[in-house]
**Student:** 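Please see the structure below; I have some questions.
None of these values were measured; they are calculated from a predicted model. Numbered from 1 within each chain, the chains take letters A, B, ... in sequence-line order.
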Protein chains: 2
Amino acid sequence: MDLTPRQAEILDFLRRHRDEQGVPPTRAEIVTAFGFRSPTAAEDHLRALARKGVIELKPGASRGIRLLERADEYLSEAVQLARREAANEASLPLVGRVAAGAPILSDPNVETRIPLAGDFFRPRAHFLLRVQGESMRDAGILDGDLLAVHQTPEARSGQTVVARLDDEITVKTLRLRGGIAELLPANPDFAPIVIDLSRESLVIEGLAVGLIRGGFGSPLIR
Amino acid sequence: MDLTPRQAEILDFLRRHRDEQGVPPTRAEIVTAFGFRSPTAAEDHLRALARKGVIELKPGASRGIRLLERADEYLSEAVQLARREAANEASLPLVGRVAAGAPILSDPNVETRIPLAGDFFRPRAHFLLRVQGESMRDAGILDGDLLAVHQTPEARSGQTVVARLDDEITVKTLRLRGGIAELLPANPDFAPIVIDLSRESLVIEGLAVGLIRGGFGSPLIR
DNA sequence: AGGAGCACTGTATAGATATACAGTTAACCT
DNA sequence: AGGTTAACTGTATATCTATACAGTGCTCCT
């Protein structure tokens, strides 16, 4: 059963009071916080929250209000957003096969999240891309590696870039000469890709800023 | 000023009560927990803790006991140990140049800690080793990379190992044939190392289980 | 039309709680 | 030898606190 807006307000207050004061509130403190004129108003709300299973009331005990785990599901939107942002700052989305046309960080492209903060890399990484193929082998970037990518359209000649070409994502070294862009592989078995910028477009998704191999449960040892 | 052993016990109880019950205890609850026969015993202890600045007492408020930040400095040894272990589980020591003779994880060898849990890798990593040299270049292990290492003396032929040879740490592929061990580089510019196990000893420090490049503030982009 | 749930007001009270006051015992410092 | 501090016992009480009981007005469902 869902909480009413008012009950969610009360729950938010319980959480805030606990976090800021270190103690759950009394009925009287709820009354003053919300401007009630009767302790029963607070009592009724607590009963409702307990009935819905988001808090536990200890009979007889003063301040005997306990926020249960599942209370997290009923956070106000503002608090939920803040939590999600905090979680995002401590982990990176892992992008596998990129669907044609879709933005690289759109939901269906994200396989999972890796528990590593983006600012572990410099400049900071915005996502991890699972490398496919051996075209950058001689740069130490192997098939299956996770490439840490700083999302930016700006790239200089010589940098290792993540580019989108005909709705395909590719990792290569960028070389710019006049109106010509070259995407150079680091493997003699592969041919460079040459793009005439006056006729074709090249979308730079980001820069390679790091690499992770062998994590997330895929063993390196066979 | 330091806490007395008894005061530390009381503080531990306050913390445990808060964590387990979600509410600080009343004087009466302290009394029953410690077998006191007078509420004043609890009151006196709380006053002492407040005077020493580890808790804050709110006059008049029931359960008005607040654990302050600096209370963490006065944790019991058991709790401190548990905390340190929890922190270690969420980060990996980075080992740079290894001092001759010293165990690989001894204090002076550890440069810093990297905020990544060891069980991010399978089997779990115990430390990260900063790779020196290009001898494993063709295996995608470059100079400066951080190699995630699972600490174990057991290695099978074909695995990438971290070995100690004449007090030098080296990363190579292991090959075992009868009483002969070979440490094979992955770079034609380097020669294999052959060890006759009946005459020389080879210490395996661990197995390579993963790799990180470009993190910890060292930019990949130039 | 009426029952149920929500969100309250208003009053009352048993008992939970903090806290003062008066002691005791032992260790430690000077 | 005397003062201070820690760690308690024992009693008492103002007041804080949970909670019961009796209502009101509103909305939503059937």
**Student:** Look at the side chain of A:T4 and the base of C:dG5, then say whether one donor and one acceptor between them are separated by less than 3.5 Å.
**Tutor:**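 Under the 3.5 Å cut-off, the side chain and the base do not form any donor-acceptor pair.
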**Student:** It should be established whether A:R47 places a side-chain nitrogen or oxygen under 4.0 Å from OP1 or OP2 of nucleotide D:dA20.
**Tutor:**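 Result: yes.
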**Student:** Hey, are B:R164 and B:E168 close enough for a salt bridge, meaning a charged N less than 4.0 Å from a carboxylate O?
**Tutor:**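 Looking at B:E168 together with B:R164, the answer is no, because their closest N to O distance does not fall below 4.0 Å.
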**Student:** Base, sugar-phosphate, or nothing: which does A:R27 touch, judged by heavy atoms less than 4.0 Å apart?
**Tutor:**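 A:R27: base contact, heavy atoms under 4.0 Å.
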**Student:** Side chains of A:I30 and A:F13: closer than 4.5 Å at any heavy-atom pair?
**Tutor:**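 SC-SC contact between A:I30 and A:F13 confirmed.
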**Student:** In Å and rounded to the nearest 0.5 Å, what is the CZ to CD distance from B:R124 to B:Q151?
**Tutor:**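 One gets 10.5 Å once the value is rounded to the nearest 0.5 Å.
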**Student:** Classify the nucleic acid contact of B:P39 as base, sugar-phosphate or nothing, counting any heavy atom under 4.0 Å across all strands shown.
**Tutor:**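 Counting heavy atoms under 4.0 Å across all strands, the contact made by B:P39 includes a base.
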**Student:** A:E9 has an atom CD; how far is it from atom C1' of C:dC6, in whole Å?
**Tutor:**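 After rounding, the reported distance stands at 14 Å.
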**Student:** By nearest nucleotide on DNA chain D, pick out whichever of B:A48 and B:S38 is the more 5' one.
**Tutor:**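 Its nearest nucleotide being more 5', the pick is B:A48.
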**Student:** Would you say D:dT17 has OP1 or OP2 under 4.0 Å from some side-chain N or O of B:R63?
**Tutor:**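 Indeed not, no polar side-chain atom of B:R63 lies that close.
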**Student:** Quick one: B:L49 CG to D:dT5 P, roughly how many Å, whole number?
**Tutor:**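 For the pair B:L49 CG and D:dT5 P, the rounded distance is 16 Å.
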**Student:** Among B:E134, B:M136, B:R213, whose side-chain contact (heavy atoms from CB on, under 4.5 Å) with B:I141 holds?
**Tutor:**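 Passing option: B:M136.
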**Student:** D:dA6, OP1 or OP2 - any side-chain N/O from B:R51 closer than 4.0 Å?
**Tutor:**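 So the side-chain polar atoms of B:R51 do come within 4.0 Å of the phosphate oxygens OP1 or OP2 of D:dA6, strictly under.
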**Student:** Contact class for A:A61 vs. all strands (heavy atom < 4.0 Å): base, sugar-phosphate, or nothing?
**Tutor:**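 It contacts sugar-phosphate atoms only.
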**Student:** Under 4.0 Å between a side-chain N/O of A:H45 and OP1 or OP2 of C:dC6, yes or no?
**Tutor:**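 No, because none of the side-chain N or O atoms of A:H45 sits under 4.0 Å from OP1 or OP2 of C:dC6.
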**Student:** Between B:L57 (CG) and C:dA18 (P), how many Å, whole number?
**Tutor:**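 Distance, rounded to whole Å: 10 Å.
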**Student:** State whether A:S62 places a side-chain N or O below 4.0 Å from either non-bridging phosphate oxygen (OP1 or OP2) of C:dT17.
**Tutor:**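 For A:S62, the contact criterion (side-chain N or O under 4.0 Å from OP1 or OP2 of C:dT17) is met.
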**Student:** Has the side chain of B:R63 got a donor or acceptor atom that lies under 3.5 Å from a matching backbone atom of A:S62?
**Tutor:**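 Pair found, side chain donor or acceptor close to backbone of A:S62.
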**Student:** Counting side-chain heavy atoms from C-beta on, which of C:dA22, C:dA7, C:dT9 comes nearest to B:T40?
**Tutor:**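 My answer, after comparing the listed nucleotides, is C:dA22.
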**Student:** Is any side-chain nitrogen or oxygen of A:K52 closer than 4.0 Å to OP1 or OP2 of C:dC6?
**Tutor:**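 Checking C:dC6 against A:K52, a side-chain N or O does come within under 4.0 Å of OP1 or OP2.
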